[in-house]
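Reminder, nothing fancy here: chain letters follow the sequence lines and each chain counts from 1.
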2 protein chains.
Amino acid sequence: MGPLDVYLPYLLNRAGARIATAFSEEVRPLGATLQIWRVLAALHDRDRRRMGDLSETTSIEVSTLTRLVDAMEKRGLVVRRRDAADARAVTLEVTAAGRRLTRRLTPIAERYEAVALRGFEARETEALKASLRRLYANMGALTVHRRRPG
Amino acid sequence: MGPLDVYLPYLLNRAGARIATAFSEEVRPLGATLQIWRVLAALHDRDRRRMGDLSETTSIEVSTLTRLVDAMEKRGLVVRRRDAADARAVTLEVTAAGRRLTRRLTPIAERYEAVALRGFEARETEALKASLRRLYANMGALTVHRRRPG
DNA sequence: AAGATTTATCTGTAAATACAAATAATTGTA
DNA sequence: TACAATTATTTGTATTTACAGATAAATCTT
């Protein structure tokens, strides 16, 4: 069988964990976390999104996201609004404070990216990212997202 | 800034999470988890390892590992022994039952690997794994492993 | 060899996370 | 339009995880 580091899930997990830990420590003084960063980045890309949409694009569980957004709202980073078109849904909007924090976090995220990819050619970086997207898509076919057991 | 999926930590995390979830669901009926698999795989590669060593190679926190090993020991998959050479240390040894479970888990892990990498050339797979190892090493230089604050 | 320091593991406890049930609003259908 | 089914989010709660402190043994220093 050989050592553990021939297995892809393990390689992914440990690399991901290291970056996540390092980034988290760095942004803690700003009162931010990796997940707050993800939500802000997603909203920066497209504002006024639904909870469910955000959960999907950030890969944060909806129930986790609810409580995370509670905290972010309390800190004045975002505001929740009932969707005008569909009152079941809630949309999130970043505030000026949220945008300020986003502007502070973005260069940190980019710096970590640079550190993680030190020594990589641009071509290698793109190949890596492309592979990770493919891999995610491959697994998506399998992960049937738990429909009712009919 | 653009969408979230240009960021490496995010790409790593979501790909890793998907594989982990899918694998975990599949091995649950066998009473196993991803972490149990990691410990067994590490011990299969080299048996009678210390807790600290295992923590390092599996990337499972020592305190988490302690309780995980409690459970595994209770299930008869491994036995703890005081290290003869250094009585501070505990070494882990797989039992026959542990080896049986390992033999059942290995093909599942390999199948998941194949699914995740469907459509990848052997060369691409190796490039991906190599990149992930480099990335981990790059971050290792930074992650100072929390020494005392002197 | 006694005392201080370091190393290895374990335990207490708080925070993070996720599944399932509850709530609330919409849409489809008779 | 009323009833059932579906969709979106939130809340309850159990599990997981990790940090910090406790315990115990080895090593280093004088």
Report the distance from atom [atom1] of [X] to atom [atom2] of [N], rounded to the nearest whole Å.
X	N	atom1	atom2	value
A:L34	C:dA15	CG	C1'	16 Å
B:I36	D:dT17	CD1	P	11 Å
A:I60	D:dT9	CD1	C1'	15 Å
A:E56	D:dT9	CD	C1'	16 Å
B:R38	D:dT17	CZ	P	10 Å
A:L54	D:dT10	CG	C1'	15 Å
B:R18	C:dA18	CZ	P	14 Å
A:E61	D:dT11	CD	P	15 Å

### Query
Just by protein heavy atoms under 4.0 Å, how would nucleotides 8-14 of chain C read 5' to 3' in B, S and -?
SSBBBB-
### Query
Hey, does the side chain of A:Q35 come within less than 4.0 Å of C:dT17's phosphate (OP1/OP2), counting only N and O?
yes
### Message
Using the side chain to side chain contact (heavy atoms under 4.5 Å, CB included) criterion, which residues pair with A:R134? Sequence neighbours excluded.
### Response
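Expected list: B:F120, B:E124.
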List, one per line, each side-chain donor-acceptor pair under 3.5 Å for residues 73-80 of chain A, sequence neighbours excluded.
unit_1	atom_1	unit_2	atom_2	d
A:E73	OE1	A:R80	NE	3.0
A:E73	OE2	A:R80	N	3.0
A:R75	NH1	A:G31	O	2.4
A:R80	NH2	A:D70	OD1	2.1

### Task
May I ask you to decide if A:V94's main-chain N or O and A:D47's side chain share a donor-acceptor pair within less than 3.5 Å?
yes
### Query
So, the side chain of A:D83 versus the backbone of A:A89: is there a donor-acceptor pair under 3.5 Å, distance only?
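Looks like no, no N/O pair under 3.5 Å.
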### Message
If the threshold is 4.0 Å, N to carboxylate O, is there a salt bridge linking A:D53 and A:R46?
### Response
yes
### Task
Examine the side chains of A:S63 and A:E61 and answer whether a donor and an acceptor come within less than 3.5 Å of each other.
yes
